[in-house]
Amino acid sequence: MKYISTRGQAPELTFEDAMLTGLARDGGLYVPAEIPTMSKDEIAALAGLSYEEVAFRVMRPFLGDCFTDEEFRGIIARAYDGFGHAARAPLVQLAPNHFLLELFHGPTLAFKDFAMQLIGQLFETALKRRGESVTIVGATSGDTGSAAIQAFGGLDAVNVFILYPHGRVSEVQRRQMTTPTDANVHALAVDGDFDDCQAALKDMFNDFDFRDEVKLAGVNSINFARVLAQVVYYFTSAVSLGAPERKVSFTVPTGNFGDIFAGFIAKQMGLPIDQLVVATNQNDILHRCLSGQGYHKGETIPSISPSMDIQVSSNFERALFYAYGQDGAAVAQLMDELKTGGFEVSQGAMEALQEHYVSGRCSEEETSATIKSERAASGELLCPHSAIGVKVANEQRDAAVPMVTLATAHPAKFPAAVEEASGIHPPLPPRMADLYDRSERVTRIANDLTTLETHIRKHIAH
Ligand SMILES: Cc1ncc(COP(=O)(O)O)c(C=O)c1O
Ligand SMILES: N[C@@H](CCOP(=O)(O)O)C(=O)O
């Protein structure tokens, strides 16, 4: 099993090397050279299995011979052991044929834990075997950072630096990043927005001297292992609703396009997915693009769903790669045009995108109204991101096909917005009830590559 870059100019790597490499050296993202498939019988056989067993069967073919079966089973078991729900990703019914997939029962209360807990264990196993260490730098709009700090905090072979946009994450998200006491994790509050943080991260990967000196690694969804772990819950939920005999649709609150792209991978593997619905907030570049208006950056407007305040959606590059028939040169050209503002999608590629994805947008008012109305209708208290999913799903869905909307975070991560909309203050789970009492450790830092790299070098050394 080999991994290739979306820009076609980087060396082909094994799963483990691609995982430890992060961004490809040509600036692209790694994808499997061929997507493994599962037969109808293999999918049907997943019914009734534990989340961990489904995870093993779905992900195993992507790993090649990098990990033994025994190693991989142990990794999966440890990854999901700390989840607060026996089903890991339970489905609840909102309305006839509309279901919510609760992805917020992990240690930091967001879907990121599904992948981050797994890759924490994968990194630890691989690095120990190799006798190597790495420097992880991550960019976050709030949830990736807290999940990474939780998963990698205290591990011997990694230093972790998380760049988050100063003043643009919720207080719970910030505290989850700034209160852990492990000496190997560092929260950096960058003067800028999430796109600035993600651009700085990619610039570090493209600065080969720095990259090689600090042994840079990435745990954002630029890392295919992150996406792979998220494929699993498409299978568990679809199978519990009757797949492979029955088609199932999914609506995904979307920002960096990693979660919905995991749905695309599940579909390519053979899972009978009808619609994959991209739900955006007011930062709706993806919705505009999928509606045929080209991909053009605008200003990021802060919203009550801050984790989705994104303009440059990293994994959209992977979607474009497949839409352009795996033409790395065409993707490289589009990404060059993006540096100066945006690009148009060719007619053929647009048709290919629209074959797989539909989209919708949700305004701030509609987000709040959905939190309120869904609480009244089904009793479910949604976080703002999940509310965006529910609103767009209701607009797009075919009543005859089961729709699964992904609930990507716990409402307690965004208490102000949820309380304002519903009048209900969502409490933090007991295990983190003292979050507001813990002291914070954070460095405020300029959005400047040299400053960031200097800071990282200095703190690795110490
Ligand atoms: C709570 C929440 N919902 C949705 C998203 C969007 O997911 P993706 O970036 O994979 O599109 C994010 C951030 O990525 C998030 O943190
Ligand atoms: N919403 C994300 C943004 C980064 O996404 P990733 O999937 O590429 O890590 C966040 O919470 O940080």
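Computed from a predicted structure; not experimentally measured. In each ligand, atom 1 is the first atom listed, and ligand 1 is the first ligand listed.
Residues Glu317 and Thr6 have side chains that bring a donor and an acceptor to within less than 3.5 angstrom of each other. Under the 3.5 Å distance criterion, with hydrogens and angles disregarded, a donor-acceptor pair is assigned to the side chains of Asn315 and Arg318. Defined by atom type and a distance below 3.5 Å, a donor-acceptor pair is missing between the side-chain atoms of Asn159 and Thr135. Between the side chains of Asn281 and Asp309, at least one donor N or O lies within less than 3.5 Å of an accepting N or O.
In the vicinity of Ala409, heavy-atom distances shorter than 4.0 Å reach the ligand 1 atoms 1 (C). For ligand 2, the atoms closer than 4.0 angstrom to any heavy atom of Ser307 are 1 (N). Those atoms of ligand 1 that come under 4.0 Å of a heavy atom in Met308, given as number and element, are 4 (C), 5 (C), 6 (C). For ligand 1, the atoms lying closer than 4.0 Å to a non-hydrogen atom of Pro253 are 4 (C), 5 (C), 6 (C), 7 (O). Which parts of ligand 1 touch Phe111 is read off a 4.0 Å heavy-atom cut-off, strictly below it: atoms 2 (C), 3 (N), 4 (C), 5 (C), 7 (O), 10 (O), 12 (C), 15 (C). The ligand atoms of ligand 1 that sit less than 4.0 angstrom from a heavy atom of Gly258 are 8 (P), 10 (O), 11 (O). Of all atoms in ligand 1, numbered sequentially from 1 with element shown, those under 4.0 Å from a heavy atom of Ser307 are 2 (C), 12 (C), 13 (C), 15 (C), 16 (O).
With respect to atom 9 (O) of ligand 1, the closest heavy atom belonging to the protein is Asn256 N, 2.7 Å. Scanning all protein heavy atoms for the shortest distance to atom 10 (O) of ligand 1 gives Asp259 N, 2.9 Å. Looking at atom 3 (N) of ligand 1, its nearest protein heavy atom turns out to be Thr408 OG1, 2.8 Å. From the protein, the heavy atom lying nearest to atom 8 (O) of ligand 2 is Ser221 OG, 2.6 Å. At the top of the distance list for atom 9 (O) of ligand 2, counting protein heavy atoms only, stands Thr144 OG1, 2.6 Å.
Under a 4.0 Å heavy-atom criterion, Ser141 is in contact with ligand 2. Residue Arg226 places a heavy atom less than 4.0 Å from ligand 2. Assignment of Phe261 to the shell around ligand 1 is not supported, since no heavy atom sits closer than 4.0 Å. Within the structure, the closest approach of Phe194 to ligand 2 falls below 4.0 Å when heavy atoms are considered. Contact annotation: Gly142 has at least one heavy atom less than 4.0 Å from an atom of ligand 2. A heavy-atom separation below 4.0 Å is not found between Ala110 and ligand 1. Within the structure, ligand 1 lacks Gln230 among the residues with a heavy atom less than 4.0 angstrom away. Within the 4.0 Å heavy-atom cutoff, Lys112 counts among the residues contacting ligand 2.
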- Query: Given Arg25 and Asn206, is the side-chain contact (heavy atoms from CB on, under 4.5 Å) satisfied, shown in steps?
  - Reply: CA-CA 7 Å; Arg25 282 180 101 85; Asn206 290 324; over 6 Å; no
- Steps toward salt bridge (Lys or Arg N to Asp or Glu O under 4.0 Å) verdict (Lys391, Glu374): CA-CA 9 Å; Lys391 188 258 175 190; Glu374 196 54 54; over 6 Å; no
- Message: Between Asp284 and Arg361, is the salt bridge (Lys or Arg N to Asp or Glu O under 4.0 Å) condition met? List the steps.
- Response: CA-CA 6 Å; Asp284 61 352; Arg361 170 196 203 272; 2.8 Å; yes
- Message: Walk me through whether Tyr233 and Leu101 qualify under side-chain contact (heavy atoms from CB on, under 4.5 Å).
- Response: CA-CA 9 Å; Tyr233 46 68; Leu101 183 60; 4.0 Å; yes
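Between Phe264 and Tyr322, the ring planes lie tilted relative to each other; the angle falls in the 30° to 60° range. Using the six-membered ring where Trp is involved, Phe316 and Tyr295 have ring planes that are parallel, under 30° apart on the 30 and 60° scheme. Ring planes of Tyr80 and Phe83: perpendicular class, angle over 60° (limits at 30 and 60°).
At a 4.0 Å heavy-atom cut-off, ligand 2 touches Thr140 through backbone and side chain alike. Contacts between Asp143 and ligand 1 below 4.0 angstrom, taking non-hydrogen atoms only, involve the side chain exclusively. Here Lys112 has side-chain heavy atoms under 4.0 Å from ligand 1, and that is the only part of it that gets that close.
For Phe257, a nitrogen or oxygen atom sits less than 3.5 Å from a nitrogen or oxygen atom of ligand 1, counting backbone and side chain alike. Polar contact check, Gly255 against ligand 1: a nitrogen or oxygen pair lies under 3.5 Å apart. For ligand 2, one of its N or O atoms has an N or O atom of Asp143 under 3.5 Å away.
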Extract all donor-acceptor atom pairs below 3.5 Å that involve side chains of residues 103-115 and protein atoms in other chains or at least two apart in sequence.
from   : atom 1 : to     : atom 2 : distance (Å)
His105 : NE2    : Glu102 : OE1    : 2.8
Thr108 : OG1    : Asp113 : OD1    : 2.7
Thr108 : OG1    : Asp113 : OD2    : 3.1
Lys112 : NZ     : Thr144 : OG1    : 3.3
Asp113 : OD2    : Thr108 : N      : 2.7
Asp113 : OD2    : Leu109 : N      : 3.2

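One N or O on the side chain of Arg7 and one on the backbone of Gly27 form a donor-acceptor pair closer than 3.5 Å.
The heavy-atom pair separating Ser359 from Ser291 by the smallest distance is OG-OG, 4.2 Å.
Aromatic ring centres of Phe152 and Phe123: separated by under 6.0 Å.
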